[in-house]
Amino acid sequence: MGTILITGGLGQIGTELSELLISTYGNDRILVSDIKKETPNENIRYTRLDVSDADSVRKIIGENDVTDIFHLAAILSATGEKDPFMTFNVNLQGTQNIYRAAKDFDVKKLFIPSTIGVYGPSTPKDLVPEDTQTRPVTMYGITKIAGEMLGDYYFRKFGMDVRGLRFPGLISYKFPPTAGTTDYAVDMIIHAVRGMDYECYLKCDTEMPMMYMPDALNAVVDLYEAPRKNLTRCTDYNVGAYSMTPVTLHREIKKYYPEFKVRYQPDYRQEIADGWPHSIDFRKAQKDWNFKPAYDLELTVKDMILNLRKKFDC
Ligand code: NAD
Ligand code: SER
């Protein structure tokens with residue numbers, strides 16, 4: 001059995017996905033990588049890998065008998081607008097480096113997550129399907145839609161088994177998100193649990209689709225394991241669970257912390273959020289590989305608060 005390589009494995013998704021893949025396929029098969037020098041978890045196989053460096057990508061894939069890749073390394077939307085040139089290098093050149101090496105070293109299967117960031121201001125807002133206007137205006141969105149299209153190309157041209165889905169904003173408690181536009185959700189819940197007021201960088205009525213991490217992880221594994229013959233799409237399955245605004249989240253948190261206060265001070269991230277859909281249509285994922293989220297907003301907040309109280313001992 002060959003090696004399963006995870007890139008960007010020390011981020012919000014990678015931290016939890018690597019745990020899940022290790023428990024499913026065994027520690028020996030999983031090689032976690034990231035641009036960070038060291039991992040906080042000494043029990044995993046770890047190597048530093050900058051995906052924008054093509055030679056390093058080829059070396060790691062070539063020397064480790066890599067058969068499968070979960071390519072998570074990326075710069076997300078908010079950081080992306082602060083440094084668009086680095087974002088281009090990591091998200092697009094880095095993704096091309098991974099696809100190219102995967103093809104040359106005969107990697108069997110490659111998973112790459114995409115995002116609601118591929119939609120743009122001209123996309124309709126509600127129940128948005130996969131095939132619609134995708135004219136993003138952020139560097140994050142531009143690189144992610146190009147990454148999807150490149151994946152489709154490698155599938156069509158070289159028969160490479162590339163699979164991917166478009167995540168909404170993800171809510172999780174194990175590793176805090178730091179680089180996206182949807183991060184306010186995790187931040188708001190953490191502030192409430194710690195007994196602090198919260199200043200939200202989006203307007204109170206900014207509606208976006210969201211999903212809890214356990215559903216996101218199940219989606220990754222279910223799509224990765226689905227028989228190829230059942231899949232009608234390649235890199236762009238919509239997935240999601242519910243839509244919410246900062247106000248609906250605040251209301252839900254107040255069930256546990258009635259005194260919790262939020263102030264609204266929109267910044268540059270408002271413009272990014274305004275370009276994204278309010279809700280997405282994920283019926284294709286349901287039909288092709290039985291995608292079914294288990295957590296609604298109520299259950300998400302309940303589970304987040306339970307786990308954050310344990311984490312912060314409060
Ligand atoms: P994250 O920012 O938490 O993690 C990304 C990781 O990539 C970080 O650990 C970072 O150190 C690493 N990285 C950055 N530059 C690198 C480089 N040059 N080489 C190697 N590693 C590098 O992000 P995440 O939320 O874990 O996102 C993972 C993937 O999921 C991304 O492709 C993102 O577009 C997608 N996604 C995430 C969300 C979400 O809400 N978290 C939503 C939609 C899509
Ligand atoms: N959560 C991500 C972001 O806000 C969406 O891709 O950037």
Side-chain angles (χ1 to χ4, degrees), residues 5-18 32-40 46-54 56-57 60 69-83 85-95 97-98 110-119 136 138-148 151 164-172 174-187 201-202 206 208-213 215-217 219-220 235-241 268-273 275-277 280:
L5 173 70
I6 304 173
T7 71
L10 299 185
Q12 188 192 9
I13 300 177
T15 300
E16 299 204 38
L17 184 66
S18 47
V32 180
S33 72
D34 200 286
I35 198 168
K36 294 168 192 161
K37 267 200 190 104
E38 288 171 4
T39 166
Y46 180 76
T47 184
R48 183 177 184 277
L49 173 62
D50 176 353
V51 297
S52 65
D53 175 353
S56 300
V57 168
I60 295 287
I69 301 176
F70 289 80
H71 175 42
L72 309 180
I75 306 297
L76 274 70
S77 59
T79 309
E81 288 314 286
K82 287 191 175 151
D83 195 340
F85 308 113
M86 175 185 68
T87 303
F88 181 90
N89 278 340
V90 176
N91 293 8
L92 199 49
Q93 189 56 53
T95 295
N97 292 342
I98 291 284
L110 194 154
F111 172 85
I112 176 166
S114 188
T115 165
I116 51 165
V118 300
Y119 300 115
T138 61
M139 185 55 91
Y140 178 59
I142 292 165
T143 55
K144 294 299 284 187
I145 189 78
E148 283 183 10
L165 42 71
R166 291 177 182 161
F167 276 135
L170 298 182
I171 300 180
S172 68
K174 289 197 181 166
F175 187 90
T178 53
T181 301
T182 57
D183 298 358
Y184 83 86
V186 176
D187 248 15
Y201 55 78
L202 297 179
T206 309
M208 287 185 287
M210 308 289 278
M211 177 157 65
Y212 196 33
M213 187 61 86
D215 283 329
L217 298 177
V220 173
T235 53
D236 63 359
Y237 279 104
N238 276 347
V239 291
Y268 71 100
R269 288 168 280 193
Q270 185 64 49
E271 197 179 339
I272 302 176
W276 291 356
I280 47 179

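Read the numbers this way: they start at 1 and go in the same order the structure lists the ligands and their atoms. Scope of the values below: all heavy atoms of this structure, side chains included, with no hydrogens, waters or symmetry mates. This structure is a prediction, so every number in the text was calculated from the model and none was measured.
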Say whether Thr181 and Ser77, considering side chains only, have a donor N or O and an acceptor N or O under 3.5 Å apart. yes

Close side-chain approach of Val51 to Ile98, heavy-atom, < 4.5 Å: yes

NZ of Lys36: more than 12 outside heavy atoms within 6.0 angstrom? yes

Could you tell me whether Val51 approaches ligand 1 through its side chain, its backbone, both or neither, with non-hydrogen atoms closer than 4.0 Å? both

What I want to know is whether Gly11 and ligand 1 share at least one N or O pair that is separated by under 3.5 angstrom. yes

Compute the minimum heavy-atom distance from Thr7 to ligand 1 and say whether it is under 4.0 Å. no

Please report whether ligand 1 has a polar contact with Ile13, defined as an N or O pair separated by less than 3.5 Å (distance criterion only). yes

Shortest protein contact, atom 3 (O) of ligand 1 (heavy atom only): Gln12 N, 2.7 Å

Look at atom 3 (C) of ligand 2 and say which protein heavy atom is nearest, naming residue and atom and giving the distance to 0.1 Å. Ser77 OG, 3.3 Å

So for Pro177 against ligand 1, with non-hydrogen atoms under 4.0 Å, the contacting part is neither

List every atom of ligand 1 that sits less than 4.0 Å from any heavy atom of Leu10, numbering the atoms from 1 in the order shown and giving each element. 9 (O)

Under 4.0 Å, heavy atoms only, figure out whether ligand 1 is touched by the backbone of Ser33, its side chain, both or neither. neither

A side-chain contact here means heavy atoms from C-beta on lying under 4.5 Å apart; do Thr182 and Leu170 qualify? no

Of all the non-hydrogen atoms in the protein, which one sits nearest to atom 5 (C) of ligand 2, and at what distance? Thr115 OG1, 3.4 Å

Indicate yes or no: does an N/O atom of Leu170 lie under 3.5 Å from an N/O atom of ligand 1? yes

N/O of Trp276 under 3.5 Å from N/O of ligand 2, yes or no? no

List every atom of ligand 1 that sits less than 4.0 Å from any heavy atom of Ala73, numbering the atoms from 1 in the order shown and giving each element. 7 (O), 20 (C), 21 (N), 22 (C)

Report, in ascending order of atom number, the atoms of ligand 1 lying under 4.0 Å from any heavy atom of Ala74. 5 (C), 7 (O), 14 (C), 31 (C), 32 (O)

For a 4.5 angstrom cut-off between non-hydrogen side-chain atoms, does Tyr140 reach Thr79? no

Identity and distance of the protein heavy atom lying nearest atom 4 (O) of ligand 2: Thr181 N, 2.6 Å

Short N/O distance, under 3.5 Å, between Asp183 and ligand 2? no

Protein heavy-atom partner closest to atom 1 (N) of ligand 2 - residue, atom, separation in Å: Thr182 OG1, 2.7 Å

For the residue pair Ile13 and Met213, establish whether any side-chain heavy-atom pair is separated by less than 4.5 Å. yes

Which atoms of ligand 2 sit under 4.0 Å from any heavy atom of Tyr140? 5 (C), 6 (O), 7 (O)

When you measure from atom 31 (C) of ligand 1 to each heavy atom in Ile171, Leu72, Thr178, which option holds the nearest one? Leu72

Is there a polar contact, in the sense of an N or O pair closer than 3.5 Å, between Tyr140 and ligand 1? yes

Heavy-atom distances under 4.0 Å decide this one: backbone, side chain, both or neither, for Lys144 against ligand 1? side chain

Going by the atom numbers of ligand 1, which of them fall below 4.0 Å from some non-hydrogen atom of Ile35? 11 (O), 13 (N), 16 (C), 17 (C), 18 (N), 19 (N), 20 (C), 21 (N), 22 (C)

Quick check on contacts: which atoms of ligand 1 are under 4.0 angstrom from a heavy atom of Pro168? 40 (O), 42 (C), 43 (C)

Are the side chains of Ile116 and Pro209 in contact, using a 4.5 Å heavy-atom criterion? yes

Within a strict 4.5 Å, meaning less than it, do heavy atoms of the Ile145 and Glu148 side chains meet? yes

Test your reading of the structure: does Asp34 have an N or O sitting under 3.5 Å from an N or O of ligand 1? yes

Angle between ring planes, Tyr184 versus Tyr201, binned at 30° and 60°: parallel, tilted or perpendicular? perpendicular

Give me the residue, atom name and distance of the protein heavy atom closest to atom 43 (C) of ligand 1. Phe167 CB, 3.2 Å

So do Thr115 and Arg166 actually touch side chain to side chain, heavy atoms under 4.5 Å? no

What protein heavy atom sits nearest atom 18 (N) of ligand 1, and how far off is it? Asp50 OD1, 2.9 Å

Tell me whether ligand 2 is touched by Phe167 - counting only heavy atoms on the residue side and a distance under 4.0 Å. no

Identify the protein heavy atom lying closest to atom 23 (O) of ligand 1, giving its residue, its atom name and the separation to 0.1 Å. Leu76 CD1, 3.3 Å

Counting only heavy atoms closer than 4.0 Å, does ligand 1 sit against the backbone of Leu49, its side chain, both, or neither? backbone

Identity and distance of the protein heavy atom lying nearest atom 44 (C) of ligand 1: Ser114 O, 3.1 Å

Under 4.0 Å, heavy atoms only, figure out whether ligand 1 is touched by the backbone of Arg166, its side chain, both or neither. neither

